[in-house]
Each structure stands twice: as C-alpha cells, then as structure tokens.
Amino acid sequence: MNSAVAIRAGGVDLRTPVILASGCAGYGPEWGELVDFAAVGAVVLKGVAREPWLGNPPPRLMETPCGVLNAIGLENVGLDVFLTEKLPAAADLPCAVVANVVGREPEEYREVCAALDGEGRLAALELNVSCPNVRAGGMAFCADADGLREFVARCREVTTKPLWVKLAPMLTDIVPAAKAALAGGAEALTVANTLPAMAVDVRARRPVLGNVYGGLSGPAIRPVTLRLVHRVYDETGAEVIASGGVDGWEAAAAYVLAGARAVQVGTALFDNPALPAEIVAGLEEYIRREMFDDVAALVGKLRSGQV
Ligand SMILES: Cc1cc2nc3c(=O)[nH]c(=O)nc-3n(C[C@H](O)[C@H](O)[C@H](O)COP(=O)(O)O)c2cc1C
C-alpha cells in the first residue's frame with residue numbers, strides 16, 4: 001500500500017478510495033469485465049437479510065433529472081444463499097469485500113452479523129439502517145439516537161469485523177445519529193443513503209413507483225450529501241465514507257476535502273462503468289498538482305473563510 005491513492009478507511013486497507021456502493025454492484029462479479037477492479041478499493045455487496053426478501057412491486061426504478069429514483073425494497077437472496085453461493089463467487093474479486101446487512105428488526109441484524117463474523121473474505125460489515133423504501137428496518141433506526149447506539153452496540157457484541165453504519169440523510173440533524181453510531185462501536189459512518197422522494201405520472205394520475213415512495217440517488221443529491229459529510233466530520237472527526245452522486249474525480253475530491261476517507265459510487269456507474277478508473281486517475285493528478293503526499297493528507301483539508 002504505497003501508492004498515493006491507497007488509504008485505510010473504516011478498519012479496511014483500500015488500494016484506492018473508490019468503493020462500489022451497495023445495490024449498484026450486485027454481489028460482485030456482475031460487473032465482470034466492464035469495471036476495472038484494479039481501480040476499486042472495495043465492493044459493498046447487495047444487502048443481505050436473514051431470510052430472502054422479494055422486494056417491492058414494480059415499477060421500481062425511474063430516471064429523474066440528474067438522478068435515479070428507486071424502490072427496490074431490499075430484494076435479496078437471504079443469508080443461506082448469500083453464504084453458499086454469492087460470497088464464494090465474490091471471493092476472487094481483487095479488492096476488499098464488504099457485506100451490507102439489512103433486517104426488519106434489530107435481532108435480525110444481530111443474527112446476520114453473527115453469521116458473517118467468521119467469513120474471512122469479508123473485510124467489514126455495513127449496517128444499512130437508512131433504507132427509505134422499506135417500512136421496518138429503515139430510517140426509523142436513525143431517528144432515535146439512544147436506540148441507534150444500543151442497536152450498533154448489540155451488533156458490535158457478536159462480531160469483530162469493522163462496522164460501517166450507513167446513516168439516513170433526512171434527519172433534523174445528522175450529528176446525534178453519527179455520535180450514537182460511534183458510541184455503539186462503529187468504525188466508520190457511511191454518509192448517506194438515498195433521499196426519500198416520489199414521482200407522479202400525471203396522465204395516469206398515479207405514483208410512478210409501485211411502492212409510491214422511493215429513494216433519490218445520483219448527482220442530484222450530491223450537494224445535500226456533501227453538507228452532511230462535512231457536518232459529520234466537522235462535529236465528530238469520525239471516519240466517513242461518502243455516498244451520494246459521485247460521478248467523477250472532482251466530486252470524489254470534494255468529498256475528501258469535506259472529510260471523507262473514501263467515496264462510494266453507485267448510480268453513475270450505470271452510466272459509465274469506467275468511472276472508478278477515471279476517478280483514480282483524476283485524484284492521482286490532483287494530489288500531484290496540489291503537492292500532497294497522498295489522499296489521506298487531503299482528508300478534511302478544506303480552507304475556511306473567504307478567498
Ligand atoms: C438500484 C439501487 C439499489 C440500492 N440498494 C441498496 C442496498 O441494498 N443497500 C444499501 O445500503 N444501499 C442501497 N442503495 C443506495 C446506494 O448504495 C447509495 O448509497 C446511494 O444510491 C447514493 O449513492 P449514488 O448517488 O452514488 O447512487 C441502492 C441504490 C440504488 C440506486
């Protein structure tokens with residue numbers, strides 16, 4: 001790990017600070033030849049629950065200006081198939097592999113964390129406590145700071161893996177949730193999930209999504225998420241992994257300057273699978289030009305005040 005873009009984030013050594021976001025990279029091998037995995041620091045696999053989930057009724061995805069609205073509803077294969085088929089298939093990926101854990105109630109998360117603890121291929125567990133598209137196991141966790149601390153602490157008890165807690169963006173203030181997750185034992189905070197949103201088909205006079213509501217992602221949400229990353233880093237000094245609308249190296253650099261140690265790419269990957277390699281090349285050039293030693297030296301280095 002002596003390249004300028006290598007960094008340790010959330011207890012994991014990353015070859016680059018570019019991480020494929022959960023739900024946008026399947027269970028790993030789906031991107032096959034399209035993505036240059038040499039440019040990828042880690043892949044966060046599609047969320048896994050104790051039992052298989054069917055997800056929400058269609059339509060589940062639509063394009064919006066500069067973004068995507070999705071209401072997949074955490075469709076997933078369940079723990080058994082994850083362990084016997086999906087995780088072995090991800091074993092050959094030349095980057096760190098992180099599981100994304102979902103559940104309908106806290107005990108379910110704990111059971112999944114305990115079952116994944118012995119899996120040597122997993123570098124960390126990301127707890128999704130912020131999905132806007134499911135009734136339970138979603139954002140409600142984040143709104144109650146005491147509950148969130150207790151919840152993370154109970155997952156912490158059953159695993160030695162680093163825990164990344166993926167927070168919701170739509171809270172009155174994200175800082176209490178961030179502090180609660182850290183107090184519960186999180187190594188890093190993923191900031192943040194999709195923004196609750198909806199779309200209407202005026203001709204049909206119906207909501208577009210089968211679930212009515214969905215989560216907005218893509219460049220449209222980036223200014224909102226950038227502020228949240230800055231708030232969390234500024235107030236807690238935590239290790240932050242940014243997730244929201246990264247579509248190039250400048251977006252990645254903006255997140256790092258605001259305090260993120262790594263960035264996840266999701267929606268923009270569908271448009272441009274070459275994105276991880278482009279981000280890494282752009283960051284390397286930026287680090288050289290700005291005369292920093294490496295990406296770690298850039299973290300939080302936002303100048304304050306006026307020019
Ligand atoms: C189709 C789709 C499926 C997703 N599934 C998950 C998921 O299973 N678990 C999760 O934590 N986040 C999920 N997300 C959220 C992404 O991981 C990411 O946090 C979010 O899309 C913001 O990043 P982006 O703007 O780069 O897409 C999903 C997003 C999309 C677009």
Side-chain angles (χ1 to χ4, degrees), residues 17-28 30-31 35 40 42-49 52-56 58-78 82 86 98-103 109 112 124-134 137-139 141-142 163-170 188-197 209 211 214-226 228-229 240-248 251-252 254-255 260 262-273 275-276 279:
V18 179
I19 298 172
L20 306 191
S22 182
C24 302
Y27 291 100
E30 283 87 340
W31 279 109
V35 168
V40 174
V43 52
V44 186
L45 306 180
K46 176 76 190 148
V48 58
W53 293 8
L54 288 176
N56 288 323
R60 310 204 285 192
L61 207 60
M62 76 165 284
E63 264 193 79
T64 61
C66 292
V68 158
L69 191 52
N70 95 80
I72 305 294
L74 300 176
E75 175 184 350
N76 80 97
V77 296
F82 181 81
K86 302 300 182 184
V98 176
N100 177 274
V101 179
V102 301
Y109 282 84
V112 176
L125 307 180
E126 182 177 70
L127 305 178
N128 179 2
V129 291
S130 48
C131 182
N133 308 323
V134 290
M139 301 200 313
F141 278 139
C142 279
L163 291 177
W164 301 357
V165 176
K166 188 166 181 178
L167 297 175
M170 287 284 280
L189 305 170
T190 306
V191 179
N193 214 312
T194 52
L195 278 159
L209 297 173
N211 186 56
L216 185 65
S217 61
I221 69 170
R222 193 169 66 232
V224 177
T225 310
L226 189 57
L228 297 175
V229 167
V240 177
I241 294 165
S243 177
V246 173
D247 62 353
Y255 273 123
V263 297
Q264 298 190 350
V265 293
T267 303
L269 203 59
F270 297 123
D271 233 11
N272 179 15
L275 197 55
I279 293 174

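Start at 1 and go down the list; that is how both ligands and their atoms are numbered. Keep in mind it's a predicted model, so treat the numbers as computed, not measured.
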**Asked** Side chains of Leu195 and Met170: closer than 4.5 Å at any heavy-atom pair?
**Response** yes
Asn76 side chain to Leu74 backbone, donor-acceptor under 3.5 Å: yes
Looking only at protein heavy atoms, what sits closest to atom 24 (P) of ligand 1 is Gly245 N, 3.5 Å
Atoms of ligand 1 under 4.0 Å from any heavy atom of Asn193, numbered from 1 in the order shown, are 11 (O), 15 (C)
The atoms of ligand 1 lying under 4.0 Å from a heavy atom of Ala21, numbered in the order shown, are 17 (O)
Of Gly266, Gly244, Ser22, the one whose closest heavy atom lies nearest atom 28 (C) of ligand 1 is Ser22
A student checking ligand 1 against Gly47 at a 4.0 Å heavy-atom cut-off should list atoms 8 (O)
shortest atom 22 (C) of ligand 1-to-protein heavy-atom contact is with Ser243 OG, 3.5 Å
Any heavy atom of Asn128 under 4.0 Å from ligand 1? The part involved is side chain
heavy-atom search around atom 30 (C) of ligand 1 in the protein gives Asn70 ND2, 3.4 Å
shortest atom 3 (C) of ligand 1-to-protein heavy-atom contact is with Gly23 O, 3.6 Å
Any heavy atom of Val44 under 4.0 Å from ligand 1? The part involved is neither
In ligand 1, the atoms that come under 4.0 Å of a heavy atom of Ser217 are 21 (O), 25 (O), 27 (O), 31 (C)
Here the pair of heavy atoms bringing Thr194 nearest to Gly215 is OG1-CA, 3.4 Å
Sub-4.5 Å side-chain heavy-atom contact between Trp31 and Val43: no
Within the structure provided, determine whether Lys46 and Lys86 are in side-chain contact (heavy-atom separation under 4.5 Å).
no
> For ligand 1, is there an N or O atom under 3.5 Å from any N or O atom of Ile221?
Replying inline: no
Counting heavy atoms under 4.0 Å, the part of Ala192 that contacts ligand 1 is backbone
The atoms of ligand 1 lying under 4.0 Å from a heavy atom of Thr194, numbered in the order shown, are 20 (C), 21 (O)
Would you say the side-chain atoms of Tyr109 pair up with the backbone N or O of Asn128, donor to acceptor, closer than 3.5 Å? yes
Self-check item: Non-hydrogen side-chain atoms of Val68 and Phe270 separated by less than 4.5 Å
Solution: no
If we number the atoms of ligand 1 from 1 as shown, the ones under 4.0 Å from a heavy atom of Asn100 are 9 (N), 10 (C), 11 (O)
* Please examine the side chains of Phe82 and Leu45, heavy atoms only from C-beta on, and report whether any two atoms are closer than 4.5 Å. => yes
Contact region, Lys166 to ligand 1, non-hydrogen atoms below 4.0 Å, reads side chain
Across all chains, not counting sequence neighbours, the side-chain hydrogen bond (donor to acceptor under 3.5 Å, both in side chains) partners of Asn272 are Glu278
If you scan protein heavy atoms around atom 8 (O) of ligand 1, the nearest is Lys46 NZ, 2.9 Å
Taking the side chain as C-beta and beyond, is there a heavy-atom pair between Thr225 and Pro169 under 4.5 Å?
no
Sorted by chain and residue number, the salt bridge (Lys or Arg N to Asp or Glu O under 4.0 Å) partners of Glu30 (sequence neighbours excluded) come out as none
